There are 2 protein chains.
Amino acid sequence: MRSQRPYHHGDLRRALITAALEVIAAEGPNAVSLRELARRVGVSHAAPAHHFGDRAGLLTAVAVDGYRLLVDELDRATDLRDLGGRYVSFALTHPAHFQVMFRPELLDRDTPALVAARAETRERLERGIAARQPDDPRLGGLAAWSLAHGLATLLLTGNLPTLEGGDPAELFRTVCTHPLFHPEPER
Amino acid sequence: MRSQRPYHHGDLRRALITAALEVIAAEGPNAVSLRELARRVGVSHAAPAHHFGDRAGLLTAVAVDGYRLLVDELDRATDLRDLGGRYVSFALTHPAHFQVMFRPELLDRDTPALVAARAETRERLERGIAARQPDDPRLGGLAAWSLAHGLATLLLTGNLPTLEGGDPAELFRTVCTHPLFHPEPER
DNA sequence: AGCGCATCTTGTCGTTGACAAGATCTGGTG
DNA sequence: CACCAGATCTTGTCAACGACAAGATGCGCT
């Protein structure tokens, strides 16, 4: 048991990311303040700068964390629709991560770790698509990703009040097979 | 010609919104500062507060402005796919508006003008859907809106580097009819 | 002529991000 | 064991910001 407050925190980096996720979940990424995170964790106001450089550096670390979790989730998918369902489900179960991941102006977009994590995610998505659309994986990936991402975003931003509550992954599967997208809808 | 700087600006409200749109387009909504907008327009640092209350009030006004433009655009649509195409196209031609419109934590979500503008937009989308899916307009609307919104968002956030450059409305139409969404994809 | 109110200004406070310089601890080398 | 190098954290400071308060200005209406 540490007497009071040891000079070295132990795992300050991880603690700050966790605190940031709490703030983001409660009040959004804009409410994240390095000084308040430092206060929560019990260190001085300038301690975070050592680990992350600046605010963008911290949020970039959060985004990388999120991409890793998403990759783990996508790796469990059994087929393409399950892939989309897991994508939407991830967004709703990890809203704090998801929000930061797709807000480029908050991030250091060229950080190697972020570039790598994003590439890994895209690889998972394209692999899932290619298994079913070997001739045109790029366009198919765009279509599936757009639908999943749009559904997730609209749910997260509270633009679909009447439809909340159900299982998001199942909702995606339903939407995915909707006849609206058929080439000959009138039969 | 006004001598130097008349005490009353004339149309400060509009001027501030315009300045805000410039800043958002250049550096994103987080870079918007009431004081810098005041500086650009040539008024004192507290002048904006009179028109918008606070920062959220100003961004809410921007969002309302955007919803009105979007409604005007959607009203020109000839059919459902054109509707989606115009939606995606609007997002890419008015990125500043679009970003603010779907970032609820930046806005005063209960402002009557915003609620009304959002309802009007939703009405346009659902009307377009209902014309083709009279039995289940809600789910069809969700599907089409998700696809359009997801495509727009991914394009805006720079997650689709290899596909940029083409006409976004046409891209939507292509994606919309992709066989990926067919109930029996293997035929 | 003059009153009321919207509009705009000046002044101020607490908070923040960023930077600089110094204190403290840890791990490894001699 | 002595000790050093670097990683980790602290204290101090600055400019910018949002918000608020109080006062100045000018427009429109009576």
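As the structure is a prediction and not an experimental result, all values here were calculated from the model. Lettering of chains follows the sequences in order, A, B, ..., and the numbering in each one begins at 1.
- Within the structure, every pair that satisfies the side-chain hydrogen bond (donor to acceptor under 3.5 Å, both in side chains) test and touches residues 84-102 of chain B, not counting sequence neighbours, is listed here: B:Asp65-B:His97, B:Glu73-B:Arg86, B:Asp82-B:Arg86, B:Tyr87-B:Trp145, B:Tyr87-B:His149.
- Distance CG (A:Leu12) to C1' (C:dC25): 14 Å, rounded to an integer number of Å.
- In this structure, the CG atom of B:Asp11 is 11 Å from the P atom of C:dT7, given to the nearest Å.
- Side chain of A:Arg55 to main chain of A:Val32: a donor-acceptor pair is present (N/O by atom type, distance under 3.5 Å, no hydrogens or angles).
- Note on B:His51: every side-chain N or O is 4.0 Å or more away from OP1 and OP2 of C:dA6.
- One finds the OG1 atom of B:Thr60 at 10.0 Å from the CZ atom of B:Phe52 (value rounded to the nearest 0.5 Å).
- Ranking C:dT9, C:dA18, D:dT10 by closeness to the A:Val43 side chain, first place goes to D:dT10.
- Here the shortest heavy-atom pairing between B:Thr157 and A:Arg109 reads O-NH2, 3.4 Å.
- Note that CG of B:Asn30 and CZ of B:Arg103 are 6.5 Å apart. Values are rounded to the nearest 0.5 Å.
- Atoms CG (A:Asp54) and C1' (C:dA18) sit 9 Å apart, rounded to a whole Å.
- Looking only at distances, a side-chain donor or acceptor of A:Ser33 sits under 3.5 Å from a matching main-chain atom of A:Arg35.
- Rounded to a whole Å, the CG atom of B:Asn30 is 14 Å from the C1' atom of D:dC17.
- Taking atom CZ of A:Arg14 as the reference point, atom C1' of D:dT8 lies 19 Å away to the nearest angstrom.
- One can place NE2 of B:His45 at 10 Å from P of C:dT9, the figure rounded to the nearest angstrom.
- A:Phe52 has its CZ atom 11 Å from the P atom of D:dC9, to the nearest Å.
- Contact between the side-chain N/O atoms of B:His50 and the OP1/OP2 oxygens of C:dC8 is not found at any separation under 4.0 Å.
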At a cut-off of 3.5 Å, list every protein nitrogen or oxygen paired with a nitrogen or oxygen from nucleotides 13-16 of chain C, distance to 0.1 Å.
residue : atom : partner : partner atom : Å
C:dT16  : OP2  : A:Arg39 : NH2          : 2.6

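- In the displayed structure, B:Arg40 atom CZ is contacted under 6.0 Å by more than 12 heavy atoms of other residues, nucleotides or ligands.
- Atom CZ in A:Arg13 sits about 15 Å away from atom P in D:dA7, given to the nearest Å.
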